[in-house]
Amino acid sequence: MDFALLSALSWVGFDYTRKRLSAHFSAPLMSVIFSAIVLPVYLVYWLAVSRELPLSSYYVPATVSGLLAGVGSVCFIRALALGKVAVMLPMLCLTPVISGAAAWLWFGDALSQLELVAISILVVASFLLQGGRFTIQEPGSGYIVITSICWGLCIVFDKQALMYSPVDFHIVYVTFIVLALNATLYRPMIVFDEIKQHLSVWFSAALCFSMAVTFQFIALESIQPGMLEALKRAIGIIGAGLIGVYLFKEKLTPTQWCCVGVILCTSAISSIQLAG
């Protein structure tokens with residue numbers, strides 16, 4: 001459970017640094033550069049830790065996971081370009097439901113009563129915290145639904161792939177697939193002089209990203225995908241909200257502050273129960 005919380009907090013750091021970079025760089029360019037920066041680090045990590053190759057049963061679920069993650073990121077960027085952020089982001093709260101249901105149907109990895117209650121509370125509170133709007137008529141809503149499905153399913157295929165591979169190899173393989181897919185689809189123009197002006201932020205973002213993914217895969221070996229996805233989304237949303245309040249002078253309504261408290265309490269209780 002500790003790794004799940006560390007992953008969620010790392011995603012918060014990544015969201016913050018990514019938001020700073022988004023003022024200067026396009027989302028497709030950032031997606032490609034992040035993968036390109038962390039891939040050599042992951043490769044060195046694999047060579048240093050195990051150098052172990054996966055079983056043959058690994059490659060199908062791992063490849064599907066990488067493709068789903070890549071397609072999800074493409075659709076997410078497209079959704080934000082077409083629709084309103086306040087409408088698009090709450091719809092991502094579908095991902096824990098999709099992950100939990102898919103893991104149950106695919107592996108028979110059923111959620112306990114505690115996990116079902118916790119996921120339900122986290123999903124509803126996260127939805128309300130992000131504005132509580134859900135509509136399929138908003139431009140871009142189709143893309144965000146596809147994103148939710150892709151991201152909800154890819155973590156389930158990650159769990160299956162990790163049954164046949166060490167975490168260190170899986171990180172390398174999936175990152176390579178995402179990089180290849182995004183670079184092929186976007187073909188962004190990289191201007192190194194502009195990147196150098198924000199080099200410290202790039203490396204901070206890449207560090208947060210690498211830790212978030214690594215801790216997530218480690219946590220996934222022992223936690224139901226739906227529960228992990230719910231914790232990641234909820235804590236990430238709180239982090240983004242608090243960063244907005246204290247660093248960007250944004251405001252939260254009383255209802256949203258209540259949702260923050262509910263998410264924190266639910267996450268803490270779930271962590272204690274699962275650890276026990």
Side-chain angles (χ1 to χ4, degrees), residues 10-11 13-46 59-85 87-89 91-92 95 138-155 157-158 161 169-214 216-217 236 240:
S10 297
W11 282 118
F14 178 60
D15 287 340
Y16 168 63
T17 49
R18 181 171 54 179
K19 183 168 183 175
R20 289 183 59 185
L21 290 170
S22 65
H24 310 282
F25 303 96
S26 68
L29 177 65
M30 289 192 295
S31 177
V32 170
I33 292 180
F34 287 138
S35 297
I37 291 174
V38 300
L39 182 57
V41 178
Y42 288 154
L43 184 59
V44 171
Y45 175 60
W46 172 65
Y59 290 99
V60 171
T63 301
V64 172
S65 171
L67 292 175
L68 286 171
V71 171
S73 67
V74 171
C75 291
F76 182 64
I77 292 168
R78 185 62 177 161
L80 294 184
L82 294 175
K84 299 175 182 176
V85 174
V87 179
M88 297 297 104
L89 291 184
M91 296 174 72
L92 288 178
T95 58
E138 178 74 18
S141 60
Y143 286 106
I144 207 70
V145 169
I146 295 173
T147 298
S148 297
I149 294 171
C150 287
W151 286 353
L153 291 177
C154 77
I155 195 172
F157 282 100
D158 282 327
F169 180 87
H170 184 59
I171 298 171
V172 174
Y173 187 77
V174 170
T175 303
F176 173 76
I177 292 176
V178 173
L179 173 60
L181 180 65
N182 287 342
T184 301
L185 291 176
Y186 293 134
R187 297 182 182 180
M189 182 178 295
I190 300 175
V191 181
F192 289 101
D193 289 338
E194 294 180 2
I195 293 174
K196 289 179 181 178
Q197 295 176 12
H198 307 276
L199 205 56
S200 61
V201 184
W202 276 110
F203 279 110
S204 297
L207 177 63
C208 291
F209 177 68
S210 62
M211 291 194 300
V213 173
T214 302
Q216 177 175 308
F217 286 156

Locate the shortest heavy-atom distance separating G13 from C208; write the atom from each residue and the value.
-> C-SG, 3.8 Å
At what distance, to the nearest 0.5 angstrom, does CD of Q216 lie from OG of S10?
-> 10.5 Å
Which heavy atom in P40 sits nearest to a heavy atom in A36, and how many Å separate them?
-> CD-O, 3.0 Å
Could you give me the CA-CA distance, side-chain angles and deciding distance for T63 and F157, then say whether side chain to side chain contact (heavy atoms under 4.5 Å, CB included) is met?
-> CA-CA 9 Å; T63 301; F157 282 100; over 6 Å; no
Between C75 and I146, the two heavy atoms sitting closest are SG-CG2, 3.6 Å
How many angstroms lie between atom CZ of F203 and atom OG1 of T17, to the nearest 0.5 angstrom?
-> 13.0 Å
Kindly check if the number of other-residue, nucleotide or ligand heavy atoms within 6.0 Å of OH (Y186) is above 12?
-> yes
Can you name the nearest heavy-atom pair linking C154 to L68, along with the distance?
-> CB-CB, 3.7 Å
Got a second to check how far H24's NE2 is from H198's NE2, nearest 0.5 Å?
-> 4.0 Å
Atom CZ in F192, atom CD1 in I33: separation rounded to 0.5 Å?
-> 7.5 Å
Criterion side chain to side chain contact (heavy atoms under 4.5 Å, CB included) against T175, the qualifying member of I177, V178, I171, V172 | I171
For T95 and S148 the tightest heavy-atom approach is CG2-O, 3.4 Å
Got a sec, which residues hit ring-ring contact (aromatic ring centres under 6.0 Å, His included) with Y143, two or more places apart in sequence or on another chain?
-> none
Hey, could you give me the OG/CZ distance between S204 and F209, rounded to the nearest 0.5 Å?
-> 15.0 Å
Who passes ring-ring contact (aromatic ring centres under 6.0 Å, His included) against F34, sequence neighbours left out?
-> F14, W202
Given side chain to side chain contact (heavy atoms under 4.5 Å, CB included), test V41 with S210 step by step and report yes or no.
-> CA-CA 9 Å; V41 178; S210 62; 5.6 Å; no
Should we say atom OH of Y59 is surrounded by more than 12 heavy atoms from elsewhere, each under 6.0 Å from it?
-> yes
State the CG-CG distance between L39 and L179, to the nearest 0.5 angstrom.
-> 6.5 Å
At their closest point, which heavy atom of V174 faces which heavy atom of A62, and how far apart are they?
-> CG2-O, 4.1 Å
